[in-house]
Chemist: 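Let me give you the structure first, and then I'll get to my questions.
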2 protein chains.
Amino acid sequence: MTYSIGEFSKIVGLSDHTLRFYEKEGLIKVNRDDNNVRIYSDENKLWIESLLHLKNTGMSLKDMKQFAMWGHVGDETLEDRLALLKNHRKKVVEDFEKLRQSLEHLDNKINYYENEIGDCFSTN
Amino acid sequence: MTYSIGEFSKIVGLSDHTLRFYEKEGLIKVNRDDNNVRIYSDENKLWIESLLHLKNTGMSLKDMKQFAMWGHVGDETLEDRLALLKNHRKKVVEDFEKLRQSLEHLDNKINYYENEIGDCFSTN
DNA sequence: CCTTGACTTAGAGTACACTCTAAGTATTAC
DNA sequence: GTAATACTTAGAGTGTACTCTAAGTCAAGG
């Protein structure tokens with residue numbers, strides 16, 4: 001399957017502005033037809049989804065750009081890419097644990113508030 | 001225990017600029033001594049830590065401000081505060097699950113790369 | 001007495017990641 | 001033949017959350 005930028009933007013949930021912006025930044029390579037119109041492929045879809053996972057884990061555009069650049073070069077950058085991913089993973093695992101703790105704190109807070117309000121009503 | 005802004009900034013890991021900024025924004029209330037110098041208490045410490053948990057879970061300054069404002073008002077805002085927290089919790093749980101999935105994706109990617117590189121060496 | 005650390009207002013600057021506009025051209029679908 | 005959708009460059013604007021500077025004052029400790 002192939003998609004126009006309009007279709008593709010709906011599928012991946014990024015605006016056409018953002019898709020062009022990402023392309024300009026070197027995050028995606030997109031084919032064109034005879035009229036210079038972008039043709040997005042399923043491969044592009046997988047790649048964008050991958051990028052969005054990296055973005056979701058807090059990777060900066062700068063690092064995603066580096067990763068994409070290396071990807072475009074070829075196999076001699078495999079180790080660089082792996083190093084980047086492993087390094088990134090460390091941070092993500094830390095962030096994940098921090099988020100887990102903060103969620104726990106939030107739950108405790110909610111519990112506390114529910115008791116407060118319960119008490120408040122019981123004293124009426 | 002009480003702390004000067006210099007001591008406190010080291011303890012909570014926020015710059016004095018940021019502490020004054022948060023105060024100006026209404027996120028913290030801080031006592032002053034006779035010379036108008038800020039005196040941070042352990043209560044302030046607990047409050048800041050609480051705020052940082054909210055921040056950590058992606059709450060905006062705007063919402064933290066609202067929460068703090070309600071906190072300063074008194075018991076009649078308990079339900080508003082609880083509603084805000086519960087509403088926020090929903091988002092956090094979603095974010096947490098998304099992060100978990102993205103971390104899983106990252107792990108798969110790393111595995112893939114490690115196999116690629118393994119293959120690459122084994123063909124030498 | 002002078003360094004250190006605190007205080008004030010008000011506003012400027014930074015970084016990130018978009019997000020949009022202008023102003024023009026080109027192609028396809030009804 | 002016109003509406004919709006696409007294309008270009010180049011730059012301006014937005015929102016968030018800081019982060020810092022200027023320019024001055026003030027008080028305590030060695």
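Just so you know, these numbers use all the heavy atoms, side chains as well, and skip hydrogens, waters and symmetry mates.
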Chemist: Do A:Glu94 and A:Lys98 meet the salt-bridge criterion of a basic N to acidic O distance under 4.0 Å?
Modeler: no
Chemist: Between P on C:dT27 and CG on A:Asp33, what's the gap in Å once rounded to a whole number?
Modeler: 10 Å
Chemist: Starting at CD1 of B:Ile48 and ending at C1' of D:dC18, how long is that distance when rounded to a whole Å?
Modeler: 14 Å
Chemist: Below 4.0 angstrom, N of the basic side chain to O of the carboxylate: do A:Glu23 and A:Lys29 qualify?
Modeler: no
Chemist: Counting N and O atoms only, with roles assigned by atom type, does the side chain of B:Trp70 sit under 3.5 Å from a partner on the main chain of B:Glu79, one being a donor and the other an acceptor?
Modeler: no
Chemist: Enter the inter-axis angle for the ends of the helix from C:dC1-D:dG30 to C:dC30-D:dG1 (five pairs per end, rounded to 10°).
Modeler: 10°
Chemist: Would you mind building the protein contact string for nucleotides 3-17 of chain C? One character per nucleotide, 5' to 3', B for base within reach (heavy atoms under 4.0 Å), S for sugar-phosphate only, - for untouched.
Modeler: ---SSS--------S
Chemist: Starting at atom OH of A:Tyr3, determine the distance to atom C1' of D:dT5, rounded to an integer number of angstrom.
Modeler: 19 Å
Chemist: Assess the residue pair A:Glu25 and A:Lys62 against the criterion (salt bridge (charged side-chain N to carboxylate O under 4.0 Å, His left out)); give the C-alpha distance rounded to whole Å, side-chain angles, the decisive distance to 0.1 Å, and a yes or no.
Modeler: CA-CA 9 Å; A:Glu25 290 293 302; A:Lys62 198 173 155 263; over 6 Å; no
Chemist: I'd like to know if A:Arg81 and B:Glu116 make a salt bridge, using a cut-off of under 4.0 Å between side-chain N and carboxylate O.
Modeler: no
Chemist: How many whole angstroms separate atom CD1 of B:Ile28 from atom P of D:dA17?
Modeler: 15 Å
Chemist: Side chains of A:Ser41 and A:Asn44: is there a donor and an acceptor less than 3.5 Å apart?
Modeler: yes
Chemist: For residues 5-29 of chain B, which residue pairs pass the ring pair (Phe, Tyr, Trp, His ring centres under 6.0 Å) check, not counting sequence neighbours?
Modeler: B:Phe8-B:Tyr40
Chemist: Cut-off 3.5 Å, side chains only: do B:Tyr3 and B:Asp42 have a donor facing an acceptor?
Modeler: yes
